[in-house]
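By convention here, the first residue in the shown sequence is residue 1. Note that this is a predicted model, so its numbers are computed, not measured. The analysis underlying the following values was restricted to heavy atoms, covering all of them including side chains, and did not include hydrogens, waters or symmetry mates.
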Amino acid sequence: MKPILGITMGDPSGNGPEISVKALMNPEIYDKCRPIIVGDACCISQAIHVVDGAEGLKINAVHNVGDALFSPGTIDILDMGVVDLSKRFFKKDRKKVEERLGEKETEDAYRESSRMCGEAAFQYVKKVIELAMAGEVDATVTNALNKDHINLAGHHYSGHTEIYADFTKTAHYTMMLAHENLRVVHVSTHVSLREACDRVKKDRVLEVIRIADEGCRSLGIENPKIGVAGLNPHCGENGMFGREEIEEIQPAIEEAMREGICIPEGKATPPDTVFSKALGGWYDIVVAMYHDQGHIPLKVKGFVYNRELHKWDAVAGVNVTLGLPIIRASVDHGTGEGHAGDGSANELSLVNAIDYAVRMANAAQKKKGKR
């Protein structure tokens with residue numbers, strides 16, 4: 001049986017609705033999974049009208065996963081009924097609205113829309129987690145949400161990862177970014193660079209190495225090779241530029257290797273070469289020490305801007321949360337609010353996330369079958 005994927009619609013004032021429509025226009029998606037959107041049917045309906053070639057799509061709004069049709073040409077949506085379209089505010093329309101309402105009234109309307117959309121995006125994520133924990137979907141996929149909006153709605157989280165950790169009661173987890181065969185996990189993510197350096201401790205580095213190994217195995221990689229990035233230039237140059245490699249990272253590597261985890265070089269790799277080596281096949285995954293150390297190489301590879309046409313040819317890449325009791329893959333980009341609602345958003349990252357979720361769901365099913 002093809003896995004059932006619960007796909008959140010993302011922030012209703014962002015690019016999630018149109019990206020979802022574009023991805024599910026492709027009948028090949030239905031060859032490998034059974035997708036259902038968790039969101040608001042009114043937003044998907046409006047997105048169909050702005051996406052080229054989507055006019056013939058139908059919507060099957062349901063309140064239970066069991067009522068989905070999973071048929072190409074029809075988008076199944078678990079309709080949460082949170083959004084009032086008359087109050088939704090697209091950023092691209094701000095000038096027109098300001099001409100009609102005035103500056104203060106427009107700001108008030110924008111704030112009300114942001115709060116509503118933040119509440120909606122949060123409720124979609126909460127619902128899809130509940131469905132996965134109950135076994136009604138085999139994997140979850142998330143479109144982008146706006147952190148400011150969900151906090152404005154009273155839900156004080158720094159992103160999807162923290163929401164998933166909270167509602168699944170998971171203490172040990174990490175973010176994995178992936179594009180094709182380049183994969184990165186992080187010792188820390190949404191903290192200041194100063195705090196990120198302070199978080200490079202043996203226990204956390206070892207924990208992330210273990211999660212990286214298990215994450216690769218969840219993708220069907222039987223004997224993962226793990227690269228561990230240093231924190232400092234040249235891995236500290238024997239303590240000249242910092243002692244974290246000596247005092248925290250190397251002890252973690254040695255303990256991981258005693259547990260049978262494969263770290264080919266047996267030590268940290270300088271961060272300015274570790275990703276080139278990963279692309280060359282030296283490693284299946286890289287442990288990065290902080291957010292941008294891992295994000296920058298992934299986005300340089302996956303995000304391709306066409307300077308002549310002034311548009312993105314590709315916005316590719318996947319964000320996977322490892323260590324959870326359920327599967328979660330996500331787009332690796334933001335809500336694109338500057339152009340949301342005009343049908344121009346690129347769906348490639350969502351398609352990649354669906355592919356990863358399917359791969360992980362199939363590997364989990366295979367693992368169950370071996371028990």
Side-chain angles (χ1 to χ4, degrees), residues 1-11 16 20 32-41 61-68 70 76-82 118-145 147 150 153-176 178 185 189-190 207 210-211 214-215 217-220 318-331 350 353-371:
M1 295 291 287
K2 291 176 284 190
I4 298 175
L5 267 54
I7 304 170
T8 64
M9 194 185 78
D11 190 295
S20 299
K32 53 194 168 191
C33 69
R34 294 176 284 169
I36 181 168
I37 303 293
V38 178
D40 272 72
V62 301
H63 296 290
N64 297 290
V65 175
D67 295 325
F70 302 124
D76 294 298
I77 178 160
L78 195 75
D79 190 9
M80 299 289 288
V82 186
E119 180 63 32
F122 177 79
Q123 292 301 330
Y124 305 155
V125 176
K126 183 169 174 281
K127 183 65 176 179
V128 85
I129 292 170
E130 290 170 357
L131 293 173
M133 294 293 283
E136 294 187 53
V137 300
D138 300 300
T140 71
V141 178
T142 54
N143 272 295
L145 52 71
K147 298 174 183 66
I150 64 168
H155 306 291
H156 302 300
Y157 294 93
S158 57
H160 277 111
T161 306
E162 293 75 17
I163 299 173
Y164 269 78
D166 191 8
F167 281 91
T168 61
K169 294 180 171 50
T170 302
H172 305 292
Y173 58 89
T174 191
M175 174 194 300
M176 177 179 81
V185 292
T189 50
H190 298 132
E207 177 182 78
R210 288 169 175 158
I211 293 173
E214 184 57 36
R217 293 177 191 278
S218 75
L219 292 167
V318 181
N319 180 336
V320 178
T321 307
L322 300 177
L324 298 172
I326 59 177
I327 294 167
R328 180 250 168 170
S330 180
V331 297
L350 178 57
I354 289 170
D355 288 342
Y356 253 81
V358 168
R359 186 175 171 183
M360 293 176 78
N362 287 338
Q365 194 60 38
K366 187 177 178 183
K367 188 176 179 181
K368 272 185 193 174
K370 285 183 179 178
R371 288 177 182 168

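Considering only heavy atoms from C-beta on, Tyr124 stays 4.5 Å or farther from Ile37 through its side chain. Side-chain contact between Met176 and Leu219: present, with at least one pair of heavy atoms (C-beta onward) separated by less than 4.5 Å. Side chains of Asn143 and Ile7 form a contact here, defined as non-hydrogen atoms less than 4.5 Å apart. Side-chain atoms of Val320 and Met360, non-hydrogen and from C-beta on, do get closer than 4.5 Å to each other. Looking at Val62 and Ile36, their side chains come closer than 4.5 Å, going by heavy atoms from C-beta outward. Side-chain contact check for Glu214 versus Leu322: every heavy-atom pair is 4.5 Å or farther apart.
Identified under the salt bridge (charged side-chain N to carboxylate O under 4.0 Å, His left out) test for residues 126-139, with sequence neighbours left out: Lys126-Glu130.
For the residue pair Tyr164 / Thr142, no side-chain donor-acceptor distance below 3.5 Å is found, with atom types taken as modelled.
Residues satisfying the ring pair (Phe, Tyr, Trp, His ring centres under 6.0 Å) criterion with His172, sequence neighbours excluded, are absent altogether. Remark: Arg210 engages Glu255, Glu259 in a salt bridge (charged side-chain N to carboxylate O under 4.0 Å, His left out) (not counting sequence neighbours).
Formation of a donor-acceptor pair under 3.5 Å by the Thr140 side chain with backbone atoms of Ile327 is found in this model.
Here the straight-line distance linking atom CG of Asp76 with atom CZ of Phe70 works out to 6.0 Å at 0.5 Å rounding.
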